[in-house]
Amino acid sequence: LMRRLIGKRPLSILKSKTSILNIMDTSFTGASNGIINLESCSIKLQGISIYNGEGIISKYSAIKVVNNNMDVIIINLTSINYISETGGVIEFSNVLGDNNLISKSVFNLNHGQEGGSIKILSTKIKIQYSNFTKNTGIRGGAIFIQDLLNVISIENCLFNSNKANY
């Protein structure tokens, strides 16, 4: 069963007292102000699809996780044609959980100022079994990484025709 959420910013969770948030088999379309804004909560996203129609430019990343000491797990995410004025589809900033993971995901034709698909700042994360195709960014075609204070592991991923100015 696929659920579909449409709107400017359908889900925002800031300083949640919920220990774990699971979102499964859900499609997001037409988000002009990002989709998920998360602080202080463990999250698992599985079977998520993010599609923006032609000409829709979002002010924020679709999934933005900041100042989080809990785990963020993203499995089987598909993002096509998401355009952001900031960090592509996913933005992690100061996410310090021990088991942060992006796995079995597909990023096609996305664009962000810093990373066409993923922006990583001061975050420990493992990215595996994912495909990055024709994503663009000003800095970082597929992935932008800054502040390598923590461990970043990229394993068994395919990068094809991603482009950046820097």
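Residues take their numbers from the sequence shown, with the count starting at 1.
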Item to check | Sequence-distant partners of T86, side-chain hydrogen bond (donor to acceptor under 3.5 Å, both in side chains), two or more places apart | outcome: S84
Checklist entry - At their closest point, which heavy atom of K124 faces which heavy atom of N100, and how far apart are they? => result O-ND2, 2.9 Å
Checklist entry - For the residue pair A164 and G141, what are the closest heavy atoms and their distance? => result CB-N, 3.3 Å
Next on the checklist: When you group the ILVMFWY residues by side-chain heavy-atom contacts below 4.5 Å and let the links chain together, are F159 and V106 in the same group?
Outcome noted: no
Checklist outcome for this item: Here the pair of heavy atoms bringing I63 nearest to I50 is CD1-CD1, 4.0 Å
Item to check | Given S103, S153, S105, the one that forms side-chain hydrogen bond (donor to acceptor under 3.5 Å, both in side chains) with Q128 | outcome: S103
Item to check | Summary of salt bridge (Lys or Arg N to Asp or Glu O under 4.0 Å) pairs that have at least one residue in residues 65-86, sequence neighbours excluded | outcome: none
Checklist entry - Rounded to the nearest 0.5 Å, how far does CG of L77 lie from NZ of K104? => result 14.0 Å
Checklist entry - Is S61 reaching over with its side chain to a backbone N or O of G87, donor-acceptor style, under 3.5 angstrom? => result yes
Checklist entry - Judged by modelled atom types alone, do S27 and Y51 share a side-chain donor-acceptor pair under 3.5 Å? => result no
Checklist entry - When rounded to the nearest 0.5 angstrom, what is the spacing between NZ in K134 and CG in N81? => result 12.5 Å
Item to check | H111 side chain to G116 backbone, donor-acceptor under 3.5 Å | outcome: no
Checklist entry - CD1 of I154 to CD1 of I120: how many Å apart, nearest 0.5 Å? => result 6.5 Å
Checklist entry - What do the steps show when you test N76 against L45 for side chain to side chain contact (heavy atoms under 4.5 Å, CB included), and what is the final call? => result CA-CA 8 Å; N76 291 326; L45 304 176; over 6 Å; no
Checklist entry - Only one of N68, V65, V72, V95 forms a side chain to side chain contact (heavy atoms under 4.5 Å, CB included) with T123, so which one is it? => result V95
Next on the checklist: Could you see if I152 belongs to whatever hydrophobic cluster contains I102? Use Ile, Leu, Val, Met, Phe, Trp, Tyr and a side-chain cutoff under 4.5 Å.
Outcome noted: yes
Item to check | Heavy-atom closest contact (I80 atom, N110 atom, distance) | outcome: C-OD1, 3.7 Å
Checklist entry - Using a distance-only test with no angle check, is there a side-chain donor-acceptor pair under 3.5 angstrom linking S122 and N94? => result no
Item to check | I138 reachable from F132 in the ILVMFWY side-chain graph, under 4.5 Å edges | outcome: no
Checklist entry - So, N135 side chain and N162 main chain: donor-acceptor pair closer than 3.5 Å or not? => result no
Checklist entry - Of all heavy-atom pairs between Y129 and C157, which one has the smallest distance, and what is that distance? => result N-SG, 3.9 Å
Item to check | Shortest non-hydrogen contact between Y166 and R139, atoms and distance | outcome: CD1-CG, 3.4 Å
Checklist entry - Residues in side-chain hydrogen bond (donor to acceptor under 3.5 Å, both in side chains) with S130, at least two apart? => result none
Next on the checklist: Would you compute the distance between atom NZ of K163 and atom OG1 of T136 and round it to the nearest 0.5 angstrom?
Outcome noted: 9.5 Å
Checklist entry - CE of M70 to CG of L38: how many Å apart, nearest 0.5 Å? => result 10.0 Å
Checklist entry - Going through the checks in order, is the side chain to side chain contact (heavy atoms under 4.5 Å, CB included) test met by I125 and F92? => result CA-CA 9 Å; I125 190 165; F92 287 140; 2.9 Å; yes
Item to check | Min side-chain heavy-atom separation I74-I90 under 4.5 Å | outcome: yes
Next on the checklist: What's the separation between atom CD in E114 and atom CD1 in I145, rounded to the nearest 0.5 Å?
Outcome noted: 12.5 Å
Next on the checklist: In the structure I gave you, are the side-chain heavy atoms of F144 and I118 within less than 4.5 Å of one another anywhere?
Outcome noted: no
